[in-house]
Amino acid sequence: MGRRSVLVIAMLAFALAVGCSRPQTEPSPPASAASPSADAALANGQAIYRTGKDVDGVQIAAATPPIFGKCAACHGANGAGGLHLPGAISADLRHKALVTDAKVPYTIDTVERAISTGLDNNGEKLSGIMPHWKLTKRDLHDVAYYVMTKLK
């Protein structure tokens with residue numbers, strides 16, 4: 001194999017490695033059969049966020065009873081937050097706050113973790129007022145996907 005061939009192969013290997021390890025800038029829609037499209041994921045995520053029920057009408061639950069049964073009650077329909085609650089002010093969930101202005105930007109995985117365990121993008125505990133929501137894997141992903149892509 002000539003030197004030029006070796007160089008081309010090395011460049012291709014490097015390009016594949018860099019391309020495969022580059023972080024995604026937009027969260028990907030779920031790939032499961034239960035939620036086959038981005039539109040279905042967004043519709044389900046929006047339903048959970050705004051009503052506290054998934055698209056099938058199933059009420060979401062939390063580890064302990066929440067003050068309100070839906071995300072929008074604390075964070076607002078547009079995600080701006082700012083609601084004064086006992087011991088806390090609800091967080092701004094819009095893209096600018098979670099990603100653009102954050103020292104450590106949230107990802108789809110860290111939004112899912114915040115929703116389900118109450119740990120923020122740095123692994124620190126959120127206010128105790130934030131419920132630890134108990135969602136199916138699909139519902140958790142869909143509501144996080146909705147927050148990351150639609151609350152601008």
Side-chain angles (χ1 to χ4, degrees), residues 13-152:
F14 177 78
L16 285 172
V18 170
C20 292
S21 65
R22 193 174 307 153
Q24 293 180 308
T25 56
E26 284 292 320
S28 60
S32 71
S35 187
S37 73
D39 289 342
L42 288 172
N44 190 46
Q46 180 179 21
I48 293 166
Y49 183 86
R50 291 189 177 175
T51 70
K53 296 178 182 179
D54 68 14
V55 292
D56 298 322
V58 176
Q59 180 70 44
I60 61 172
T64 57
I67 294 175
F68 301 105
K70 58 184 175 184
C71 311
C74 290
H75 298 286
N78 69 351
L83 180 65
H84 290 264
L85 301 161
I89 298 173
S90 64
D92 185 344
L93 301 182
R94 295 174 297 182
H95 192 268
K96 184 174 182 345
L98 292 183
V99 178
T100 307
D101 292 346
K103 287 184 183 178
V104 176
Y106 272 89
T107 64
I108 198 99
D109 291 333
T110 55
V111 170
E112 288 179 6
R113 182 178 70 188
I115 293 167
S116 63
T117 68
L119 296 176
D120 71 7
N121 53 332
N122 294 308
E124 302 290 324
K125 286 185 180 180
L126 295 169
S127 166
I129 202 83
M130 173 65 184
H132 297 187
W133 295 103
K134 301 295 179 194
L135 301 162
T136 65
K137 185 176 181 178
R138 173 194 145 201
D139 285 351
L140 179 60
H141 184 85
D142 291 354
V143 74
Y145 180 62
Y146 173 78
V147 166
M148 289 291 288
T149 59
K150 292 300 180 181
L151 299 181
K152 303 286 183 177

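Note that the structure is predicted; figures quoted are calculated from it, not measured. Keep in mind that the numbers below use all heavy atoms, side chains included, and drop hydrogens, waters and symmetry copies.
- Contact between Val99 and Met148 at its shortest, heavy atoms only, is CG2-CE, 3.9 Å.
- In this structure, CG on Leu151 lies 15.0 Å from NZ on Lys96, to the nearest 0.5 angstrom.
- Taking every heavy atom of both residues into account, Ile115 and Met130 meet most closely at CA-CE, 3.8 Å.
- For Asn121 (side chain) and Thr110 (main-chain N/O), no donor-acceptor pair under 3.5 Å exists by modelled atom type.
- Listed here is the closest heavy atom pair of His75 and Leu93: CG-CD1, 3.4 Å.
- Partners of Ala61 according to the side-chain contact (heavy atoms from CB on, under 4.5 Å) rule, which considers only residues two or more places apart in sequence or in another chain, do not exist here.
- Residues Pro86 and Ile129 come closest through the heavy atom pair O-CD1, 3.8 Å.
- A distance-only check finds a donor-acceptor pair linking the side chain of Arg113 to the backbone of Asp120 [under 3.5 Å].
- With sequence neighbours excluded, the residues forming a side-chain contact (heavy atoms from CB on, under 4.5 Å) with Ala97 are Asp92, listed by chain and number.
- From Leu126, atom CG reaches atom NE2 of His132 across 7.5 Å, with rounding to the nearest 0.5 Å.
- In this structure, the side-chain contact (heavy atoms from CB on, under 4.5 Å) partners of Glu112, at least two apart in sequence or on a different chain, are Ile108, Asp109, Leu140, His141, Ala144.
- Side chain of Ser90 to main chain of Cys74: a donor-acceptor pair is present (N/O by atom type, distance under 3.5 Å, no hydrogens or angles).
- Between Lys70 and Ile48, the shortest heavy-atom contact is CB-O, 4.5 Å.
- With Asp142 as reference, Asn44 is the one residue of Leu42, Val55, Asn44 to meet the side chain to side chain contact (heavy atoms under 4.5 Å, CB included) rule.
- Atom-to-atom distance recorded for Asp139:CG and Asp54:CG is 4.5 Å, nearest 0.5 angstrom.
- Among all heavy-atom pairs drawn from Gly76 and Tyr49, the shortest one is O-OH, 2.6 Å.
- Using a distance-only test at 3.5 Å, with no hydrogens or angles considered, no donor-acceptor pair links the side chain of His95 to the main chain of Thr149.
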